[in-house]
Amino acid sequence: MKFILLHFGLLIVSTFSFAQNKISGIVNLENQGLEGASVQIESLKIGQQTDDKGKYSLSDIPDGTYKVTASFVGLKSAVKTISLKNKQNTIVNFELDFDDALDEIVVSGTMRAVSRIDSPMPVDVIQNEFFLKNPTANIFEGLQTVNGVKPQINCSVCNTGDIHINGLEGPYTMVLIDGMPIVSGLSTVYGLSGIPNSLIERVEIVKGPASSLYGSEAIGGLINVITKDAFKTPRFSADIFSTSWAETNIDLGYSAKVGKWATVLTGVNAFYYDTPIDNNNDNFTDLTLQKRASVFQKWDFKRKSGKAFSLAGRYFYEDRWGGEMQWNKSYRGGDEVYGESIYTNRWEMLGNYEFNTNIPLKANFSVTHHDQNSVYGDIPYLAKQTIGFGQLIHTKTYGKHDLLLGTAFRYNYYNDNTPATASADEYWMPSIFVQDDIKLTEKQNLLLGARYDYNSNHGSIFTPRIAYRYKFTDFDVLRINAGTGFRVVNLFTEDHAALTGSRDVIIANELKPEQSYNVNLNYLKKIYGDSGNYYSFEASTWYTHFTNQIIPDYDTHPNQIIYDNLDGYAVSKGISLNADATLTNGLKLMLGVTAMDVNKTENSQTTRQMLTERFTGTWSIAYDIPKTNLTIDYTGNLYGGMRLPTLGELDPRRDHSKPFSIQNIQVTYKGLANFEFYGGVKNLLNWTVNKGNPFVIARANDPFDRGVDFDNNGNAIATPSNPYALTFDPSYSYGTNQGIRGFVGVRYNLK
């Protein structure tokens with residue numbers, strides 16, 4: 001019996017041994033062996049990296065049919081299916097190609113879908129995964145670690161803000177959803193809240209004037225929020241997180257097919273914070289209390305012609321307040337207890353339709369309406385804005401010319417109850433624009449563009465631009481761009497300082513449209529390392545010259561804000577550097593540095609622009625810990641000192657800020673199917689605006705200035721109860737009042 005068992009065991013071992021197989025071969029890139037490529041049989045959990053000649057060898061493979069995958073960072077993976085049976089050696093070679101995932105398709109620079117490296121205009125692309133590294137309640141906060149982009153808080157009480165690009169104020173930044181303008185004028189303050197992060201595929205950012213294609217408000221740059229395609233979106237998604245400050249954010253997404261003719265994508269965002277906190281002991285809320293809801297829905301219709309047709313809409317509602325800790329809604333609009341209460345109702349509709357004609361023709365449209373009911377202490381701010389926009393675009397390739405022709409029409413209505421708007425601001429503006437992207441050689445492109453707008457209030461506006469791209473190799477590209485930008489007069493986009501305190505709004509003269517002239521140089525290099533690592537480096541420098549710029553003057557009179565076209569010029573100039581690395585050991589690094597100088601020159605005197613830092617730094621470090629399903633993300637930013645709006649020579653608050661940094665860390669677990677669990681700490685250094693300042697809000701103990709004495713010119717007088725000669729002022733705000741806090745969250749995706 002023992003002999004039989006031993007013989008049977010040897011037979012099994014012998015059979016198993018003979019069944020083992022071996023595969024070997026070469027992984028090539030452009031017909032050359034690729035070192036550091038990974039070759040794997042996923043089902044068997046075996047693999048190997050190629051040697052310096054691109055060769056690999058996998059042994060001891062049982063009989064069967066397997067998928068063999070060859071991959072390399074920055075290249076498209078290749079998969080081959082092989083069947084093995086009693087074979088000692090099978091040759092399997094691979095030829096890899098470059099992956100467009102690291103050379104994203106962009107549309108914002110030229111209104112045409114081109115690869116980022118082939119675009120004559122430099123475009124920054126922020127993928128959705130970037131916003132997951134430091135979860136935020138809205139895209140406004142999510143941009144805080146993007147180089148050259150700064151979410152600027154403009155008010156210590158209501159915490160409203162806007163987006164600065166290369167140091168320029170929010171009204172110079174145009175915001176679009178899927179290429180359609182949704183934010184301008186009033187809604188530069190509120191329009192970036194409530195866009196569900198779960199629906200964002202990517203965000204494209206153009207730094208510098210884009211008025212020749214997009215018109216007014218794109219004088220400093222644009223942010224284009226690209227929403228997801230329902231076909232590529234999970235059937236259901238949820239992202240819920242809460243912080244130790246009792247903030248709760250909910251993002252829900254749903255996609256579905258509607259018969260055979262349409263798909264629908266729905267997103268819901270809700271944010272709730274209702275816990276007054278006063279850590280700096282000034283009897284004012286450190287963070288605005290908010291109740292916010294937003295619903296977004298996009299329909300994509302299938303047509304027999306295969307042409308595009310989509311419709312989308314969004315509704316946004318918010319109730320926010322900040323102020324003295326004892327405030328409640330019974331005090332709204334009164335002068336007993338100070339509070340800033342803001343009700344916002346906003347809706348948007350947008351769509352595009354591609355005509356089924358022999359001539360390529362596409363129509364886009366958007367309609368937005370913004371209704372705001374706000375009070376700042378006992379000062380009401382009631383405003384409405386309606387914007388209608390439509391455009392028709394023709395694109396065609398003629399030999400070496402990629403031609404784009406377009407016409408657009410814009411209608412704007414704005415009215416409020418402030419002295420800055422004596423009557424409704426209403427205008428219409430038809431436009432025509434043309435762009436020709438000329439392929440000079442295989443390596444050189446020249447882009448020529450121009451736009452003509454006629455504004456019913458200001459007349460004709462012409463904005464040309466020129467761009468040149470030289471592609472040294474598939475991994476090296478140089479771009480030079482020059483052009484102009486403009487912004488029609490849209491004075492009052494809720495300048496908080498004009499609504500609070502005792503400052504009077506003074507409009508010195510009839511205001512003219514602002515104009516800018518810009519030139520920038522950009523160099524991008526990509527490196528595919530021999531060991532499988534991927535690197536990219538980008539450097540940009542720019543110079544923008546403004547004429548007729550409207551800059552609020554806080555300096556001439558401490559109790560006035562004087563609006564006038566600058567009698568001189570303003571300049572924004574600087575340099576920025578970006579470096580990215582994706583390493584095979586699971587480490588991903590992003591680093592950005594910007595140095596800039598934003599100033600104005602008037603009467604031969606040059607001064608720095610208020611609330612503009614001289615340098616910024618941003619970083620993101622991610623590490624996938626092997627065999628643990630854990631990822632660690634460390635993100636942060638660093639801001640240099642900036643000039644601050646103090647109230648006079650006696651004001652003890654700093655007139656220039658010190659450099660400061662906001663840093664965050666997050667740990668994510670992805671080991672459970674369809675789920676991700678994450679948690680971490682925001683503002684690790686516990687930095688707040690009041691660090692190093694005796695107070696942030698001037699005269700917080702007297703928000704209605706009852707204890708302030710004034711001279712005959714309206715200037716505050718120093719008294720024993722007011723030794724610094726101050727009036728109530730909450731506009732001294734250049735960062736967060738919210739200190740360190742923890743957060744936990746969960747994500748769920750149902751394919």
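Every value quoted in this text rests on a predicted model; they were computed, and no experiment measured them. We use all heavy atoms of the structure for the numbers below, so side chains are in, but hydrogens, waters and symmetry mates are not. For this chain, numbers begin at 1 and follow the sequence in order.
Using a 4.0 Å cut-off between a side-chain N of Lys or Arg and a carboxylate O of Asp or Glu, Asp655 and Arg643 do not qualify as a salt bridge. In this structure, Glu613 does not pair ionically with Arg608, as no charged nitrogen and carboxylate oxygen lie closer than 4.0 Å.
Seen from the ring of Tyr639, Lys150 counts as a face-on cation partner, given the 6.0 Å and 45° thresholds. Judged by a 6.0 Å distance limit and a 45° cone about the ring axis, Arg292 is not positioned over the six-membered ring of Tyr317.
In this structure, the side chains of Asn159 and Gln290 stay at 4.5 Å or more apart for every pair of heavy atoms.
When only modelled atom types and interatomic distance are considered, Thr646 and Asp651 share no side-chain donor-acceptor pair under 3.5 Å. In this structure, a donor-acceptor pair under 3.5 Å is present between the side chains of Thr594 and Asn147. Asn520 and Asn522 form no side-chain donor-acceptor contact under 3.5 Å, judged by distance and modelled atom types alone. Checking Asp178 against Thr227 by side-chain atom types alone, a donor-acceptor pair falls below 3.5 Å.
Of the options Asp239, Asn138, Asp251, a side-chain hydrogen bond (donor to acceptor under 3.5 Å, both in side chains) to Asn269 is made by Asp251 and by none of the others.
Phe677 has its ring centre no less than 6.0 Å from the ring centre of Tyr748.
Note: Phe743 and Phe241 have perpendicular aromatic rings, judged against thresholds of 30 and 60 degrees for the angle between ring planes.
With Asp282 contributing its side chain and Asp278 its backbone, the two residues share no donor-acceptor pair below 3.5 Å.
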